[in-house]
Amino acid sequence: MDERIAAARKTLGSTTILLGHHYQRDEVIRFADYTGDSYKLALAASQTDARYLIFCGVHFMAESADVLGQPGQQVILPDLNAGCSMADMAEIGQVEECWETLLDSGIEADEIIPLTYMNSSAAIKAFCGEHGGLVCTSSNARAAFDWAFARAKQILFLPDQHLGRNTGYRMGIPLSDMAVYDPWQLNGGITPQRMRDAKIVLWKGHCSVHQRFLPEHVDNVRAKYPGIQVIVHPECRIEVCEKADAIGSTERLIKIVEAAPAGTTFAIGTEIHLVNRLAKQFEERGRKIVTLDDAGCLCTTMYRISPQHLAWALENLVEGRVVNRIQVRDDVKYWARVALDRMLEIGG
Ligand code: 13P
Ligand code: SF4
């Protein structure tokens, strides 16, 4: 596979770039021209002149690349089954219904801003753009919250309740000022009064990979490795984040490890491929890295991008065939672009 991928890449030359998210497996990410967190990859997609963008990541990332790319560029996701279970926890019809319920509770449309995590469909990003809102990633959630609160009293945060809760809490907003909207319950399972009173309405979505990390895992590693630094992704539950030494996007977690002096030991609470890669890379440089949870959960959808799928997509391209193209509808693209541009303006 390595030889076939390398040969196809050589033939395609600068017409094609490969973007790789940090959770990709080693045998795929080693071919990436750009690696990064969701923000960094979206920025790279918005800046490249290449005709073909092979996205080694998940569906919502490839959609965002298509929205941000230039006319004539084509985005390819090597396996169409590479989705995101969290993004699938919010559908556009449910979001529209939620919005109506919020307005029916007496909230004025200009008092609340819809803000969606990058991990959502293009249709939801477009909804946010059209309703005066924006997109954020885990690297700029705080800046996006500041942006929204400068313009309105309330935020509807989609679809990750944990990123929303962690961000709000670290800004000093008490948990009692946050309400959780459950799309599977009548009126979201909350009263109109609660909707009106909440500063942040959190969509009831989560990442199953990050939910596995528990506060007792932090206690366990602290007992086992005195002086250990615990760093976690903000998709982890608040009880874990509050016990950690630092939280950050995948790119930030890497930077924290890079900046640490030799001899530092880390427990990292995020997807296992990234943790294992960092453990290997930094062993020689004197940092010991362990996974926060011994079971070390993988993101099964990120894992779907295999060397076989990558070779297949590239070899088809060599033959002049574009397979697995991700194409966002033009009407959706317009407003999704507005929401994504607002995000790029506030930075990473
Ligand atoms: P990052 O933007 O931090 O890479 O996160 C993306 C993601 O899906 C984490 O689960
Ligand atoms: Fe989605 Fe979680 Fe996988 Fe990230 S780790 S892509 S949020 S399922």
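None of the values given here were measured: they were computed from a predicted structure. Heavy atoms only: backbone and side chains are in, while hydrogens, waters and symmetry mates are out.
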Query raised in the report: Any side-chain heavy atom of Thr48 sitting closer than 4.5 Å to one from Asp33?
Result: no
**Report entry** Parallel, tilted or perpendicular, as decided by the 30° and 60° cut-offs, for the rings of His162 and His206
**Finding:** perpendicular
Query raised in the report: Hey, does the Lys NZ or Arg CZ of Lys199 hover above the aromatic six-ring of Phe149, less than 6.0 Å from the centre and inside 45° of the axis?
Result: yes
Query raised in the report: With side chains defined as the heavy atoms from C-beta onward, is the minimum distance between Thr101 and Met195 less than 4.5 Å?
Result: yes
Query - Residues Thr250, His233; criterion side-chain hydrogen bond (donor to acceptor under 3.5 Å, both in side chains); working and verdict - result: CA-CA 7 Å; Thr250 52; His233 197 277; 5.5 Å; no
Report task. Under the side chain to side chain contact (heavy atoms under 4.5 Å, CB included) rule, what do His217 and Leu214 come out as? Steps first, then yes or no, please. Result -> CA-CA 5 Å; His217 294 139; Leu214 300 172; 3.7 Å; yes
Query raised in the report: Do the charged groups of Arg237 and Glu242 touch, with an N to O distance under 4.0 Å?
Result: no
**Report entry** Qualifying residues under ring pair (Phe, Tyr, Trp, His ring centres under 6.0 Å), relative to Tyr39, sequence neighbours excluded
**Finding:** none
Query raised in the report: Hey, does Ile54 have a side-chain heavy atom less than 4.5 Å from the side chain of Leu317?
Result: yes
**Report entry** Test log, rule side chain to side chain contact (heavy atoms under 4.5 Å, CB included), inputs Lys280 and Asn276
**Finding:** CA-CA 6 Å; Lys280 243 188 271 163; Asn276 284 344; 5.6 Å; no
Query raised in the report: How would you list, by chain and number, every residue that makes a ring pair (Phe, Tyr, Trp, His ring centres under 6.0 Å) with His131, sequence neighbours excluded?
Result: Trp99, Phe127
Query raised in the report: Looking at Leu292, Asn166, Val230, which one forms a side-chain contact (heavy atoms from CB on, under 4.5 Å) with Val240?
Result: Leu292
Report task. Can you see which heavy atom on Pro215 is nearest to which on Glu239, and at what distance? Result -> CG-CB, 3.7 Å
Query raised in the report: Side chains of Tyr181 and Gln161: donor-acceptor distance under 3.5 Å anywhere?
Result: no
**Report entry** Centroid-centroid distance, Phe266 to Phe282, less than 6.0 Å
**Finding:** no
Query - Side chain to side chain, Leu340 and Leu134, heavy atoms closer than 4.5 Å - result: no
Query raised in the report: Should Leu163 and Phe157 be marked as a side chain to side chain contact (heavy atoms under 4.5 Å, CB included) after you check the CA-CA gap, both sets of side-chain angles, and the distance that decides it?
Result: CA-CA 9 Å; Leu163 177 63; Phe157 190 76; 3.8 Å; yes
Query raised in the report: Is there a donor-acceptor pair closer than 3.5 Å between any side-chain N or O of Asn140 and the backbone N or O of Thr137?
Result: yes
Query raised in the report: Would you call Glu283 and Lys288 a salt bridge, using N to O less than 4.0 angstrom?
Result: no
Requested in this report: Give a yes or no on whether the backbone of Gly72 and the side-chain of Arg51 come within a donor-acceptor separation of less than 3.5 Å.
Outcome: yes
Query raised in the report: Does CZ in Arg4 sit with more than 12 non-hydrogen atoms of other residues, nucleotides or ligands closer than 6.0 Å?
Result: no
Query raised in the report: Within a reach of under 6.0 Å around CD of Glu284, are more than 12 heavy atoms found that belong to other residues, nucleotides or ligands?
Result: no
Query raised in the report: Taking only residues two or more places apart in sequence or in another chain, which ones pass side chain to side chain contact (heavy atoms under 4.5 Å, CB included) with Gln94?
Result: Glu91, Pro183, Trp184, Trp203
Report task. State whether the number of non-hydrogen atoms from other residues, nucleotides or ligands found under 6.0 Å of Arg30 atom CZ is greater than 12. Result -> yes
Query raised in the report: Side chain of Arg151, backbone of Gly132: donor and acceptor closer than 3.5 Å?
Result: no
Requested in this report: Flag this pair as yes if the NZ/CZ of Arg337 is under 6.0 angstrom from the six-membered ring centre of Trp335 and inside a 45 degree cone about the axis; otherwise no.
Outcome: no
Query raised in the report: Would you say the side-chain atoms of Asn324 pair up with the backbone N or O of Leu77, donor to acceptor, closer than 3.5 Å?
Result: yes
Query raised in the report: Hey, are Arg25 and Glu27 close enough for a salt bridge, meaning a charged N less than 4.0 Å from a carboxylate O?
Result: yes
Report task. Apply side-chain hydrogen bond (donor to acceptor under 3.5 Å, both in side chains) to Ser38 and Tyr117, showing your working. Result -> CA-CA 10 Å; Ser38 317; Tyr117 189 22; 5.6 Å; no
Query raised in the report: Given the side-chain rings of Phe55 and His21, with only the six-membered ring counted for Trp, is the space between their centroids under 6.0 Å?
Result: no
Query raised in the report: Tell me, do Asn316 and Trp312 make a side-chain contact under 4.5 Å, heavy atoms counted?
Result: yes
Report task. May I ask you to decide if Tyr303's main-chain N or O and Gln24's side chain share a donor-acceptor pair within less than 3.5 Å? Result -> no
Query raised in the report: Are Cys98 and Leu156 close enough that some pair of their side-chain heavy atoms sits under 4.5 Å apart?
Result: yes
Query raised in the report: Can you tell if the side chain of Ile268 reaches within under 4.5 Å of the side chain of Leu253, non-hydrogen atoms only?
Result: yes
Query raised in the report: Any salt bridge between Lys333 and Asp66, counting N to O under 4.0 Å?
Result: yes
**Report entry** Step-by-step side chain to side chain contact (heavy atoms under 4.5 Å, CB included) determination, Lys243 to Asp219
**Finding:** CA-CA 8 Å; Lys243 277 186 172 239; Asp219 299 337; 2.6 Å; yes
**Report entry** Carboxylate-amine/guanidinium contact Asp37 Arg252, below 4.0 Å
**Finding:** no
Query raised in the report: Does the side chain of Leu314 reach to within under 4.5 Å of the side chain of Arg9, using non-hydrogen atoms?
Result: yes
Query - N/O donor-acceptor pair under 3.5 Å between Asn187 side chain and Gly189 backbone - result: no
